[in-house]
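First the structure, in the form of structure tokens, and then the observations on it.
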Amino acid sequence: MITAAPVLTPEKAVLTLPSDRWQAHWRQAIREPEQLLAELGLAPADMGVSAEALAQFPLRVPRSFVARMRHGDPADPLLRQVLPIDDEMQVVPGFSFDAVGDGPAKKATGVIQKYRGRALLVTTGSCAIHCRYCFRRHFDYAGENAAKGGWQEAVAAIAADPDIDEVILSGGDPLSLTTSKLAELTEALAGIGHIKRLRIHSRLPVVLPERVDEELVRWLAALPWPVAFVIHANHANEFDASVDAALSRLRASGAQLLNQAVLLRGVNDNLDALAALSERSFAAGVLPYYLYQIDRVQGVAHFEVSDEQALALHAGLMARLSGYLVPKLVREIAGDSSKRPLPTA
């Protein structure tokens, strides 16, 4: 059992943080594998670091996230999520460049609609961390960015479809944008009467908690819709006191916090790790939401866990934890009308 760090109350959590503080931390991110491994007391030659994988998908990891990695541990679950290695260069049948069908689901520039009533906006291609299992690692962010033209095409496409009642901000990571840029978007969306909910998917509260500053909290609190804020943490070690404080500030805005995780070989593919993740996220005020089978994009096959093992792990969670701590075990299939629970045909 992992002991949770104290979670700040909302009253104590809404602190005045300089609006440019998070950008300074962003600029200090580690970009070179050799530097990352040196700080952890590890040798690149022993880790299978790949220059080819690095060239295909650059390394980026905030220093505060590195500080949560275990020094001298080549199997650290946080390190494994970000280090470019030789295994990424395997070409594996069944793994493609668009594993979840983003291309065919395009509704307008930067607007993806796969499911009834929901439209996803690719707000930016930027992210504070480059996760090696990312399902959009091959995505054409330059060509498919909803921010083009001041959001006009994206907003018009949503306004033209009265069946869309939920807008999802994704990317990249939407919190990579300045709060003023996000406000520009939501002000445009506020004129669309059929929008009932806003959902935001972001890894930044976990990997760059400084991003959750007073300006961001004020923007969230002033939004005219109920907000579901989906964070992304795969391991209990990703949480620390700074993350707890950031999540407390988000809760103070009135947002409902959920966590989605990806089942990853060598990261969280055991019952103790998954149980600790659910308990630790809930201790920080975040409800477990989804546990994904990995999206089968080229370069991530070494992370894949078999369906049989995934189902056994999920059954173990149901036997060990209260029901509200057990995330739904799902995978995304291109063309499906919703996320598909395991098992699949």
Side-chain angles (χ1 to χ4, degrees), residues 26 56-58 60 96-131 133-204 211 216 219-220 223-225 227-230 232 260 292 295-299 332-339:
W26 180 293
Q56 184 184 92
F57 189 39
R60 175 184 282 276
S96 66
F97 289 103
D98 183 10
V100 297
D102 280 343
K106 175 181 174 179
K107 189 179 183 74
T109 301
V111 182
I112 295 171
Q113 187 174 16
K114 299 177 183 178
Y115 310 133
R116 192 215 66 78
R118 287 151 283 177
L120 182 147
L121 295 186
V122 180
T123 56
T124 176
S126 296
C127 190
I129 191 168
H130 290 174
C131 302
Y133 54 88
C134 179
F135 69 95
R136 289 199 179 116
R137 58 185 290 164
H138 304 292
F139 190 80
D140 178 19
Y141 285 110
E144 296 298 332
N145 191 318
K148 281 188 172 182
W151 312 104
Q152 291 181 13
E153 182 182 345
V155 171
I158 293 170
D161 187 345
D163 289 335
I164 295 174
D165 57 17
E166 181 174 348
V167 173
I168 304 164
L169 306 188
S170 185
D173 194 304
L175 264 60
S176 302
L177 300 173
T178 63
T179 303
S180 61
K181 189 70 173 177
L182 291 168
E184 177 185 287
L185 168 60
T186 53
E187 286 167 9
L189 292 172
I192 303 175
H194 51 81
I195 298 176
K196 298 178 181 177
R197 294 175 299 280
L198 186 73
R199 194 188 332 163
I200 302 169
H201 285 244
S202 177
R203 190 136 161 75
L204 264 69
R211 176 63 185 96
L216 182 76
W219 165 71
L220 285 168
L223 291 173
W225 318 278
V227 175
F229 200 110
V230 184
H232 179 182
Q260 64 178 21
Y292 279 98
D295 295 316
R296 306 186 88 206
V297 65
Q298 280 287 353
E332 184 168 355
I333 302 293
D336 272 13
S337 60
S338 66
K339 301 294 188 295

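Along the sequence shown, residues carry numbers from 1. No experiment lies behind these values; they were computed from the predicted model shown.
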Contacts of Ala128 meeting side chain to side chain contact (heavy atoms under 4.5 Å, CB included) (sequence neighbours excluded), chain-then-number -> Trp26, Pro62, Leu204, Val207, Leu208
Within-4.5 Å side-chain heavy-atom neighbours: [X] and [Y]:
X      : Y      : result
Trp225 : Val167 : no
Cys131 : Arg203 : yes
Leu182 : Leu216 : yes
Leu175 : Phe229 : yes
Asp161 : Gln113 : yes
Asp173 : Arg211 : no
Leu121 : Leu185 : yes

So how far is it from [X] [atom1] to [Y] [atom2], rounded to the nearest 0.5 Å?
X      : Y      : atom1 : atom2 : answer
Gln260 : His232 : CD    : NE2   : 6.5 Å
Gln298 : Ser96  : CD    : OG    : 7.5 Å
Ile158 : Asp165 : CD1   : CG    : 11.5 Å
Ile129 : Cys134 : CD1   : SG    : 11.0 Å
Leu220 : Leu198 : CG    : CG    : 8.5 Å
Thr109 : Lys148 : OG1   : NZ    : 6.5 Å

Residues pairing under ring pair (Phe, Tyr, Trp, His ring centres under 6.0 Å) where one sits in residues 154-174, two or more places apart or in two chains, turn out to be none
Residue pairs meeting ring pair (Phe, Tyr, Trp, His ring centres under 6.0 Å), one or both in residues 108-131, sequence neighbours left out, come to Phe57-His130
*Does His194 reach the main-chain N or O of Ile164 with its side chain, forming a donor-acceptor pair under 3.5 Å?*
yes
Next item on the list: Using atom types as modelled and distance alone, determine if a side-chain donor or acceptor of Ser176 lies under 3.5 Å from a backbone N or O of Ser126.
Entry: yes
Tested for side chain to side chain contact (heavy atoms under 4.5 Å, CB included) against Val122, the lone hit among Asn145, Ile112, Ile168 is Ile112
By salt bridge (charged side-chain N to carboxylate O under 4.0 Å, His left out), Lys181 pairs with (sequence neighbours left out) Glu184
The salt bridge (charged side-chain N to carboxylate O under 4.0 Å, His left out) partners of Arg199 (sequence neighbours excluded) come to Glu166
Residues passing the side chain to side chain donor-acceptor pair (under 3.5 Å) test with Gln152, sequence neighbours excluded, are none
